[in-house]
Peer 1: 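First, the structure itself, so that you have it in front of you.
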Amino acid sequence: MIIESDLKLDFKDVLIRPKRSTLQSRNDVNINRTFTFLHNQRDWTGFPLIAANMDVVGTMGMARALSRYGAMTALHKHYPADDLIAFFQSDDSGNVFYSLGITEADADKFRAVKAKAPVDKLCIDVANGYTERFVETVARMREENPDIVIMAGNVVTGDMTEALLLAGADIVKVGIGPGSVCTTRKMTGVGYPQLSAIIECADAAHGLKGQVCGDGGCTVPGDLSKAYGAGADFVMLGGMLAGHDECEGDLRHEERDGQRIPVAMTFYGMSSDTAMHKYAGGVASYRASEGKTVEVPYRGPVDGTVQEIMGGVRSMMTYIGATKLKEVPKRTTFVRVGAQLNTVFG
Ligand code: 5GP
């Protein structure tokens, strides 16, 4: 029995220490980044935020909305092939990942879409990125698609980050168990505190000139700042983007002053009972559901939320004196805290 006794940290365990700087205002900072991807040497520039490939938030509507801010979306994998073909043939597809798992059916559907539409970014996504079969799938996808940007995950340690990059991934997705509607830690006892996972995986990836995407666990804009500070090149969000007009969750309305107004929307994990009943005809008897189904407040168009997130990141950069998002990890000093927020008003 080995116990690793180094303390591993989550977003809530740290704050970012302010630093002296000559920056005048948050308008002096640039929150866009340019990346050159490891395997195809192509460049991408934008705000490195990605909507999660969950069927409530990874929608075509979300992709159009986030793209206006230079941010990206991983479309969920349950759209019919024809809809995906039409989408990837349109002008809206520049900042969009096509998502898939590792089944033959997933690969066949992807080949059919790619034969008719230009897909240039792939998100190969499994709950557990530690299997040989997953690494082999990433390698095969790379071989078949030398020009495509491949994001693959999820893992939480440096060794698997390196293995996936060497197998053909450009971006490794990091996070096991931190998600807002994830119950993996509860059901299995498996997981890794997300801030430490990002720090360790980013270190491994950057040594090989690859990138990481911190996936899951962001609850407030400050958590994105911490993720970038820890070395995340991209940050993926599910729950923070739920409840908006661009989402495909069911709305609940209430009567107020004789009018029907939307007040809440469903949101659920992709391995929750809800998702498994919707797509797989029920929960297979050999596996437990590892996702929750919740209701989140209805929040209108996603613009307000994106602007709030971008404003938070800009402001963080002025506090630590970083003019470019790229400089943030270098200028970040985390302080460990016992409590990070004043909760007197909830
Ligand atoms: P959030 O931003 O909501 O905290 O986390 C989003 C991430 O949670 C997703 O990108 C995905 O990695 C993860 N996730 C989504 N659905 C499920 C689920 O049903 N079970 C688990 N374990 N993780 C999920």
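From a predicted model like this one, the values you see are computed outputs, not experimental measurements. In each ligand, atom 1 is the first atom listed, and ligand 1 is the first ligand listed.
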Peer 1: Taking ILVMFWY side chains as joined if any heavy atoms are under 4.5 angstrom apart, and letting links pass through other members, which residues group with M236?
Peer 2: F35, F37, W44, I50, M72, F97, V149, M151, I171, F234
Peer 1: Mind checking what makes side chain to side chain donor-acceptor pair (under 3.5 Å) contact with R299, not counting sequence neighbours?
Peer 2: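 R299: no side chain to side chain donor-acceptor pair (under 3.5 Å) contacts found.
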Peer 1: Using a 3.5 Å cut-off and no angle test, enumerate the donor-acceptor pairs between side-chain atoms of residues 172-180 and protein atoms at least two apart in sequence or in another chain.
Peer 2:
| unit_1 | atom_1 | unit_2 | atom_2 | d |
| --- | --- | --- | --- | --- |
| K173 | NZ | D125 | OD1 | 2.9 |
| K173 | NZ | N154 | OD1 | 3.0 |
| K173 | NZ | D215 | OD2 | 3.0 |

Peer 1: Give a yes or no on whether a salt bridge exists between D55 and K278, defined as a side-chain N under 4.0 angstrom from a carboxylate O.
Peer 2: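 Salt bridge flag = yes for K278 with D55.
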Peer 1: State plainly whether the residues R252 and E254 are in salt-bridge range, i.e. N to O under 4.0 Å.
Peer 2: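 Yes, charged N to carboxylate O under 4.0 Å.
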Peer 1: Any side-chain donor-acceptor pair under 3.5 Å between T184 and E290?
Peer 2: yes
Peer 1: Write down, by chain and number, every protein residue that brings a non-hydrogen atom to less than 4.0 Å from an atom of ligand 1.
Peer 2: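 A52, M54, N154, G179, S180, C182, T184, D215, G216, G217, M236, L237, G238, G239, G269, M270, S271, S272, E290, G291.
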